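These numbers come from a predicted model, not from an experiment. Heads up: numbering here begins at 1 and tracks the sequence.
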Amino acid sequence: FKGSNGVLLVTPKKGTEAKAKISYNGYVGFQQVTRYPDLMNAYEYATAYNEAIYNTNQWNGVAAYTPEQLEAFRNGSVGTDWWNSTIRDTAPQTAHNLSVTGGTEKTKYYLSLGYMDQEGILKSTDWNYNRYNVRSNVSVEVVKGFTVDFQLSGRYDKRTHPNGAGDLFRQAQMAAPTYSIYANDNPDYWQATGDKPNPVHMSYASEAGYEDRLRREFNGSVGITWKIPYIKGLIAKALVAYDYRNTEWKSWKKEAYEYA
């Protein structure tokens, strides 16, 4: 890597002269939102809304919500907690890595395979990340003082989420808690929630469409090291390398219908 004060050389892991050694490293964990503000519930929102109308026009203002509606909001029979209806408390993630290293006096090798799976925090489970990676280093001393090194590495990762998912958190904040998820509580019809789309509706790729981002990387090199005989300390090196990178972004947006 080039830096402002020179070049940083990175030496990848290599095999050693020893019996084959197999190593495994992995973990399973959970992720969660570290902090999120408490929002008004349906009863608090409706009460404040009525108070705002009264304060604006004390003589002719008409309350937006009747006492019967306020009671329904208060006892929880009507209304939606949009954040908790869209976002789950925790989401699992896991990573695994398996490596083999060893060699003889003439041949040394190192091989590593890795996998990572990270689920998103949407209750729809439609926001995910997967990664696969492989690395291989083999060093062969063909004849005394003449060594050939093979280095290969590859990576494939995929990110998927509903189309426009970056706005879901804002939608969950803006949706009025007095609305239900479904219009007239009919699962065939999504409820319109105001200026922003219904966040539960938009959290499903089957409803909103999807965005997929794929990345593929491959790096390979062959290096030759020759300790020139009869001239102590003189070494000749040659390196041939190949790098491949490809990014693919697919986006599909569906028409979303919501009803008042």
Side-chain angles (χ1 to χ4, degrees), residues 29-93 118-129 159-211 251-260:
F30 295 90
Q31 54 192 329
Q32 65 182 64
V33 177
T34 55
R35 181 181 299 177
Y36 188 78
D38 292 329
L39 303 178
M40 287 184 173
N41 59 33
Y43 177 73
E44 293 168 337
Y45 175 87
T47 300
Y49 200 99
N50 280 352
E51 290 178 355
I53 294 175
Y54 176 78
N55 292 335
T56 301
N57 189 342
Q58 299 183 15
W59 306 110
N60 298 317
V62 178
Y65 301 98
T66 65
E68 292 76 14
Q69 288 175 307
L70 290 175
E71 175 58 23
F73 296 144
R74 190 192 65 78
N75 63 36
S77 60
V78 179
T80 303
D81 181 340
W82 291 106
W83 177 263
N84 288 320
S85 296
T86 307
I87 308 299
R88 52 180 172 172
D89 294 333
T90 59
Q93 63 179 20
Q118 183 178 27
E119 293 188 19
I121 58 174
L122 298 182
K123 284 192 172 180
S124 68
T125 69
D126 284 346
W127 197 329
N128 299 288
Y129 173 73
R159 305 170 189 268
T160 62
H161 58 74
N163 193 290
D167 199 36
L168 280 174
F169 307 105
R170 181 65 173 166
Q171 293 168 9
Q173 292 175 331
M174 295 295 292
T178 51
Y179 290 115
S180 299
I181 296 176
Y182 304 108
N184 297 322
D185 294 324
N186 185 339
D188 293 331
Y189 301 95
W190 294 96
Q191 173 70 51
T193 59
D195 296 335
K196 294 284 186 178
N198 183 322
V200 178
H201 183 195
M202 293 294 99
S203 68
Y204 287 90
S206 60
E207 298 289 338
Y210 64 82
E211 290 183 26
S251 179
W252 179 49
K253 184 177 182 179
K254 294 185 65 175
E255 289 289 341
Y257 298 97
E258 296 180 352
Y259 304 86

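When the options E68, R74, Q69 are evaluated for a side-chain contact (heavy atoms from CB on, under 4.5 Å) with E71, the one that passes is R74. When each of E119, Q31, Q32 is tested with T90 by the rule side-chain contact (heavy atoms from CB on, under 4.5 Å), just one qualifies, namely Q32. Applying side-chain contact (heavy atoms from CB on, under 4.5 Å) to L122 and the options N128, I87, V200 leaves one that passes, I87.
In this structure, Y259 has its ring center at least 6.0 angstrom away from the ring center of W190.
Judged purely by atom type and a 3.5 angstrom limit, N163 has no side-chain atom pairing as donor or acceptor with the backbone of A208. The backbone N or O of A172 sits nowhere less than 3.5 Å from a side-chain atom of K196 that would complete a donor-acceptor pair. At distances below 3.5 Å, at least one donor-acceptor pair connects side-chain atoms of N41 with backbone N or O atoms of Y43. Using a distance-only test at 3.5 Å, with no hydrogens or angles considered, a donor-acceptor pair links the side chain of S124 to the main chain of S203. The backbone N or O of A64 lies less than 3.5 Å from a partner atom in the side chain of N50, making a donor-acceptor pair. A donor-acceptor pair under 3.5 Å is absent between the side-chain atoms of W127 and the main chain of P162, judged by distance alone.
No more than 12 heavy atoms of other residues, nucleotides or ligands lie within 6.0 Å of CG in D195, so this atom counts as exposed by the packing criterion. For N184, the CG atom counts as loosely surrounded, since its 6.0 Å shell holds 12 or fewer non-hydrogen atoms of other residues, nucleotides or ligands. Within a 6.0 Å sphere centred on NZ of K253, other residues, nucleotides and ligands contribute 12 heavy atoms or fewer. Counting heavy atoms of neighbouring residues, nucleotides and ligands inside a 6.0 Å radius, atom OH of Y210 exceeds 12 of them.
What you find for M40 and E44 is that their closest heavy atoms are CA-OE1, 3.3 Å. Minimum interatomic distance between Y257 and H201 (heavy atoms only, all atoms of both residues): O-CE1, 3.6 Å. Annotation for A260 and A192: closest pair N-CB, 4.3 Å, computed over non-hydrogen atoms. Among all heavy-atom pairs drawn from E258 and T193, the shortest one is OE1-N, 4.4 Å. The nearest pair of heavy atoms linking P199 to A175 is CD-CB, 4.1 Å. Between S180 and W82 the shortest heavy-atom distance is O-CH2, 3.5 Å.
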### Query
Between T178 and Y45, does a side chain to side chain contact (heavy atoms under 4.5 Å, CB included) hold up when you go through it step by step?
CA-CA 8 Å; T178 51; Y45 175 87; 3.7 Å; yes
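The closest side-chain heavy-atom distance from I181 to S85 is below 4.5 Å. Between L70 and T47, the closest side-chain pair of non-hydrogen atoms falls below 4.5 Å. Side-chain contact between V33 and W83 is present, with at least one heavy-atom pair separated by less than 4.5 Å.
Interatomic distance, L168 CG to M202 CE, rounded to the nearest 0.5 Å: 8.5 Å. Rounded to the nearest 0.5 Å, atoms NE2 (H161) and CD (E211) are 4.5 Å apart. The structure places CG of N84 at 9.5 Å from OH of Y36, a figure rounded to the nearest 0.5 Å.
In this pair, F73 and Y65 present their aromatic rings perpendicular. The plane angle is above 60°, beyond the 30 to 60° band.
Under the side-chain hydrogen bond (donor to acceptor under 3.5 Å, both in side chains) criterion, D126 pairs with no residue at all, not counting sequence neighbours.
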